[in-house]
Amino acid sequence: MSADAITPVFVRLKLSLLRNGLRQSGGRKAAYITSAVFALLFAALQLIGLIALRGHAHAESVVVLAVAVLGLGWAVMPLFFPSGDETLDPTRLVMLPLRPRPLVRALLTASLVGIGPLFTLCLLAGSVIAVARGGAAFAVGVVAVGLALLVCVALARAVAAANVRLLTSRKGRDLAVLSGLVIAIGAQIVNFGAQRIGASGLGELDPAAGILQWVPPASAIGAVHAVSEGSYGLAAAQLALTAGALAALLALWSRHLTRLMTSPDGSTLPGAESAAKERSSTGLGRLLPPGRTGTVMERVLRYVWRDPKIKAAWVTSLAIGLIVPVFNAWQGTGSVYFACFAAGMLGIQMYNQFGQDTSAFWIVAMTISSTRDAYVELRARAYALLLITLPYATLVTVLTTAMLGDWRRLPEALGLSFALLGAMLATGAWTSARFPYSIPQEGYKNVAPGQTGLAWISIFGGMMAAALLCAPVIALTIWLNVSADGDAWTWLLLPVGTAYGAALTAAGLKLAAPQTARRLPEILAAVSKG
């Protein structure tokens, strides 16, 4: 079948997938329409902003960097959101009598349907308007926009085809946990860059733009600026580089499609040797306490390592807990007290402990027949969290203190961190028993429909309670810092904060245990809802 014959079919297929997906539920339709409106509104504002840059001395640097970041976004999108577009999985077409080359053309055309391509088109058009001067530049701009858009789409398709076996496997979907880390790091980098630009001006972008103007798809926009400057040879080279990148991506995509349609899927079949090694590995269990405590700790730690959603929450918390204090210290605007972010972000993992088990909680519930059983269960879960959070919070606090050179405040910062961690473990244990909610296993939602209020009460109510519980240690810290001879006694905040946090944790577990034992049927019903 020729490309001319199948291309309209694939475009109609893409439209049908979008339409049928919106018919599944009113909530999904509302979410899609809302996201589309916000994306198009942002695209329109971005287009106006780029047009306003026209005539600015550093307009080329801004648009080249913007298009380069856009291309990077298209490259990583399939890795972070493998289930966001059903047409990204070409293995659904392996049983059809289609040849790779016509299939590539049809899929490339169908890929131009959607909010993402329209957003990209707006940004590229605004970039061309910002740097083009003269009829020749605008004529080249039309070609540049088309080439850059096709490069972005082909790049996403090639990455998806190269990794589709991995992305559609259970372990491959774990790649999505990196999205939280990238977003956290990216937000801080953007913040840091914006501060540098605000202090020094847009000229800071010129060196990076000088390099990226030779990297597709940004090279297409560089060609438009080159024509505006009268450098036609340079513009031809940049356009040729963009066209060559498009041809290479299409060839790579076609080769991966051929391999997918002619080779068996062995990506999810572990070797016998590695499977036997995993079965015989009991090193973690040997390091943990015996009895129920060690068993529960090992289960919780395995959930952290294996469950994609739990892993995503931990990766995001670890990243933000490190990035916020370190980046602020790096910029010279931070404080050692910012290190408490590490304890605060990781303490959140204690909330909704039973909801993280989802429907498998019924197995745990069968082993809880008394308040003592509930207490040991909660205590072991707190121990598992402390196994990670205590050394991590200590490391972040020491690193932040070293970057600021304020070693005198290290004991009080550690004391505050440990007190906050203890308060969050205490309130997390209690809210886990009192306000449990279900976490859907499929999709990207973290709360089952109808339980959003429970999640807000559990997390934000618990965090406010933890802050109030930490008030005595905070008040003591303030008093020692403002008193005349208080500096000589600030070292006491480390043992005081540690003891206070331990006491809060013990009290919280004692209060949560009878709640857990008494409300087991309600907890089981709540966490199994999704």
Side-chain angles (χ1 to χ4, degrees), residues 1-25 28-44 46-47 67 70-94 96 98-128 142-164 167-168 217 220 242 246 249-250 252-254 256-257 260 444:
M1 186 179 291
S2 66
D4 294 336
I6 67 172
T7 298
V9 175
F10 273 80
V11 173
R12 290 196 298 271
L13 174 62
K14 180 65 176 287
L15 293 173
S16 297
L17 287 171
L18 291 173
R19 184 173 59 252
N20 294 335
L22 296 179
R23 287 177 177 174
Q24 291 183 6
S25 67
R28 181 167 181 171
K29 181 184 294 185
Y32 181 85
I33 294 175
T34 302
S35 62
V37 169
F38 277 105
L40 294 178
L41 179 61
F42 183 69
Q46 193 169 237
L47 177 62
V67 174
L70 180 70
L72 178 62
W74 276 93
V76 302
M77 180 187 67
L79 300 178
F80 290 158
F81 305 102
S83 60
D85 184 355
E86 292 86 348
T87 63
L88 284 173
D89 185 4
T91 57
R92 300 171 185 263
L93 310 172
V94 294
L96 300 178
L98 301 173
R99 302 180 75 80
R101 186 166 296 178
L103 182 60
V104 165
R105 296 174 186 170
L107 286 173
L108 183 64
T109 304
S111 300
L112 297 174
V113 177
I115 299 175
L118 181 58
F119 178 87
T120 303
L121 181 63
C122 291
L123 188 145
L124 293 173
S127 300
V128 168
V142 174
V143 179
V145 167
L147 281 176
L149 179 60
L150 291 176
V151 166
C152 289
V153 176
L155 180 59
R157 288 290 182 172
V159 170
N163 297 279
V164 69
L167 295 174
T168 53
T242 308
L246 176 60
L249 287 171
L250 293 177
L252 182 65
W253 184 11
S254 178
H256 284 298
L257 280 178
L260 286 169
Y444 294 96

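Positions are given from 1, in the same order as the sequence printed here.
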Worksheet item: Is a side-chain N or O of Ser127 found less than 3.5 angstrom from the main chain of Leu123, in a donor-acceptor match?
Response: yes
Atom of [X], atom of [Y] and distance for their closest heavy-atom approach:
| X | Y | value |
| --- | --- | --- |
| Ala43 | Phe119 | CB-CD1, 3.5 Å |
| Leu124 | Val145 | CD1-O, 3.7 Å |
| Ala125 | Leu47 | C-CD1, 4.3 Å |
| Ala158 | Leu252 | CB-CD2, 4.4 Å |
| Leu155 | Ala75 | CD2-CB, 3.6 Å |
| Ile115 | Ala36 | CD1-CB, 3.2 Å |

Spacing of [X] atom [atom1] and [Y] atom [atom2] [to the nearest 0.5 Å]:
| X | Y | atom1 | atom2 | result |
| --- | --- | --- | --- | --- |
| Leu257 | Arg157 | CG | CZ | 9.5 Å |
| Gln46 | Leu41 | CD | CG | 11.5 Å |
| Leu108 | Thr7 | CG | OG1 | 9.0 Å |
| Leu147 | Leu246 | CG | CG | 6.5 Å |
| Leu107 | Trp253 | CG | CH2 | 5.0 Å |
| Phe10 | Ser111 | CZ | OG | 10.5 Å |

Practice prompt. Assess whether side-chain contact (heavy atoms from CB on, under 4.5 Å) is satisfied between Trp74 and Val159, documenting all intermediate values.
Written response: CA-CA 9 Å; Trp74 276 93; Val159 170; over 6 Å; no
